[in-house]
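Quick notes on the structure that follows.
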2 protein chains.
Amino acid sequence: MITRTDIFVQTLRQAGLRLTPQRLAICRLLATTARHPTAQMIYDALRPEYPSLSLATVYNTLDVLVQLNMIHALGSAGDDAEHYDGNTDPHINLACISCHRVIDLEAPRVQTLEEEVAANSGYHLLGARVMYYGLCPECQQRVPQTTEPATP
Amino acid sequence: MITRTDIFVQTLRQAGLRLTPQRLAICRLLATTARHPTAQMIYDALRPEYPSLSLATVYNTLDVLVQLNMIHALGSAGDDAEHYDGNTDPHINLACISCHRVIDLEAPRVQTLEEEVAANSGYHLLGARVMYYGLCPECQQRVPQTTEPATP
DNA sequence: ATTACTGCAAAAGATTTGCACTAGG
DNA sequence: CCTAGTGCAAATCTTTTGCAGTAAT
């Protein structure tokens, strides 16, 4: 059975890039997680296993993977840091601007949308970022009003 | 006739915020332009008219406008700077990662998509970012191959 | 008159870069 | 071997912050 990690590895090889343990670890993390980590999160997550890992290497690898279109850069989730998505299939991302978590949302409609854009725009598409911002159900309970201050 | 600028002004007033010349100028720019400027671009554009304008004020105002949902923050267009969109109607943004320009693309489909997300996600939606990345027709001619280096 | 807003300069953070060393192929 | 990739530290660049002065209401 071919895992998503295998595809990452294969793509790196095909591009003539070296498969270092650091790259493998980062690929495995991104291929496996449903999270949408930032560079720092990846660094923190792998540090225990690779104590010598450098944040610069994480950024390097993320750039490489974005170039190869293996992952997408989603932009900030209200925390001023780039979040990365290991899932490049057309789908929706939902970011909570309070807890800064990002979740995926399947939507067949998006698939069609992407094809439509590719067909009609004249652009050579290289990536997508379909992201909605808001408050997740939990954070809505925690912070009931956004525009008004708490009742005095 | 009520202009888009008027709506900006009205919304600021309703929120109990002061209508300073700086804010007015920034609102007018965002309400008028089809561009998707960064803070720096706005600063540069208004500097001739408001020589005392501060970049900090631009950032301040942009934050205010995003909070009031008058504009959307689109994230980077390959230039590591936040681009702002004065048009909050559901639509698609197309960014060229070579010339860093962002254009709008109407797509009735997106309207439906947003409603669908709002209805099914349980999230309290506050903003959207439907962005596709690629090479615009002009930049495709300028840089025909992205993956291969120029012929030696 | 109040106090929100501005402008400046300094600070904070995220990301990038230069360079010597290491290791994948 | 050979050079791509790593790790470190310093640099860069965008965005934020603290604060005193200014001006909108």
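FYI, side chains are in, hydrogens and waters are out, and symmetry mates aren't considered; it's all heavy atoms of this structure.
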What is the distance from [atom1] of [X] to [atom2] of [N], rounded to the nearest Å?
X     : N      : atom1 : atom2 : answer
B:D63 : C:dA4  : CG    : P     : 18 Å
B:D80 : D:dC13 : CG    : P     : 11 Å
B:E82 : D:dT14 : CD    : P     : 13 Å
B:Y59 : C:dA12 : OH    : C1'   : 13 Å
A:L55 : C:dA14 : CG    : C1'   : 9 Å
B:L19 : D:dT25 : CG    : C1'   : 11 Å
A:D79 : D:dT15 : CG    : C1'   : 14 Å
A:L24 : D:dG5  : CG    : P     : 15 Å

Would you say [X] reaches [N]'s phosphate, i.e. side-chain N/O to OP1/OP2 under 4.0 Å?
X     : N     : result
A:S54 : D:dT6 : no
B:Q22 : C:dG7 : yes
B:T20 : C:dC5 : no
B:R18 : C:dT3 : no

Practice prompt. Name the residue closer to the 5' end of DNA chain C, choosing between B:G16 and B:Y43 according to the nucleotide with the nearest heavy atom.
Written response: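 Looking at DNA chain C, the more 5' nearest nucleotide goes with B:G16.
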Give the nucleotide from the list [options] with an atom nearest to the side chain of [X].
X     : options              : result
A:P21 : D:dT6, C:dG24, C:dA9 : C:dG24
A:S52 : D:dG7, C:dT6, C:dC5  : D:dG7
B:R23 : D:dG5, C:dC5, C:dG7  : C:dC5

Discussion item. I'd like to know if A:E116 and A:R109 make a salt bridge, using a cut-off of under 4.0 Å between side-chain N and carboxylate O.
Written reply: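 Salt bridge between A:E116 and A:R109, a charged N being under 4.0 Å from a carboxylate O: no.
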Worksheet item: With nearest nucleotides of DNA chain D determined for B:R13 and B:A39 from heavy-atom distances, which residue corresponds to the more 5′ nucleotide?
Response: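 Here B:A39 is the residue nearer the 5' end.
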Item to complete: Before giving the answer on side-chain hydrogen bond (donor to acceptor under 3.5 Å, both in side chains), spell out for A:H72 and A:D85 the whole-Å C-alpha distance, their side-chain angles and the decisive distance to 0.1 Å.
Response: CA-CA 5 Å; A:H72 281 167; A:D85 192 342; 5.9 Å; no
Worksheet entry | Crowding at CZ, A:R4 (>12 non-hydrogen neighbours, <6.0 Å) |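 Yes, the 6.0 Å shell around CZ holds more than 12 heavy atoms from other groups.
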Fill in: Distance-only side-chain donor-acceptor flag, A:Q40 / A:D44, under 3.5 Å
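A pair is found: one side chain offers a donor N or O, the other an acceptor, under 3.5 Å apart.
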Item to complete: Apply side chain to side chain contact (heavy atoms under 4.5 Å, CB included) to A:T20 and A:T57, showing your working.
Response: CA-CA 11 Å; A:T20 66; A:T57 297; over 6 Å; no
